[in-house]
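Data first, discussion second: the structure below is written as structure tokens.
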Amino acid sequence: MQKHKNNLVLYLLLFIFIANPLQIYVWDYIGNFPANLFVWTSILASVGFIFIGLLKTYVTQTSKIKGIFETLSLGILAALVSYFVGDILESIITG
């Protein structure tokens with residue numbers, strides 16, 4: 001049961017910290033964000049992944065550097081896959 005609680009907390013933190021960079025796009029939609037959207041969302045997402053990786057090390061009792069690197073690497077890999085899948089889907093839809 002403890003494992004399920006740990007997983008639930010990890011997923012909730014992931015949602016909170018990774019959804020946070022999307023608020024910049026909401027800010028830009030409502031008003032006008034004064035800086036580069038992609039750069040700032042990338043920075044905030046990276047900070048979120050680093051924080052989640054750090055918290056994960058407390059649960060798994062592993063090295064902080066290893067936990068941060070693993071989580072950040074998975075986030076970057078997921079972003080790259082999402083980008084390329086989206087690009088492929090866009091080319092299929094638009095013909």
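Heavy atoms only: backbone and side chains are in, while hydrogens, waters and symmetry mates are out.
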Item to complete: Enumerate the residue pairs fulfilling salt bridge (Lys or Arg N to Asp or Glu O under 4.0 Å) with a member in residues 41-63, sequence neighbours excluded, ordered by first and then second residue.
Response: Lys56-Glu70

[atom1] of [X] to [atom2] of [Y]: how many Å apart, nearest 0.5 Å?
X	Y	atom1	atom2	result
Thr71	Phe51	OG1	CZ	12.0 Å
Leu55	Lys64	CG	NZ	11.0 Å
Asp28	Gln23	CG	CD	13.5 Å
Phe49	Ile68	CZ	CD1	13.5 Å
Trp27	Trp40	CH2	CH2	9.5 Å

Worksheet item: In the hydrophobic clustering that connects Ile, Leu, Val, Met, Phe, Trp and Tyr at side-chain heavy-atom distances below 4.5 Å, which members other than Leu12 occupy its cluster, ordered by chain and number?
Response: Leu8

Discussion item. Tell me whether Val59 shares a hydrophobic cluster with Leu54, the cluster being built from Ile, Leu, Val, Met, Phe, Trp, Tyr side chains joined at under 4.5 Å.
Written reply: no

Item to complete: Report yes if some heavy atom in the side chain of Leu22 is under 4.5 Å from a heavy atom in the side chain of Val26; otherwise report no.
Response: no

Practice prompt. Report yes if some heavy atom in the side chain of Ser63 is under 4.5 Å from a heavy atom in the side chain of Thr57; otherwise report no.
Written response: no

Worksheet item: Does atom CG of Leu37 have more than 12 heavy-atom neighbours from other groups under 6.0 Å away?
Response: yes

Using atom types as modelled, flag every donor-acceptor pair under 3.5 Å from a side chain in residues 73-91 to any protein atom, sequence neighbours excluded.
| unit_1 | atom_1 | unit_2 | atom_2 | d |
| --- | --- | --- | --- | --- |
| Ser73 | OG | Phe69 | O | 2.7 |
| Ser82 | OG | Ala78 | O | 2.8 |
| Ser91 | OG | Ile88 | O | 2.7 |

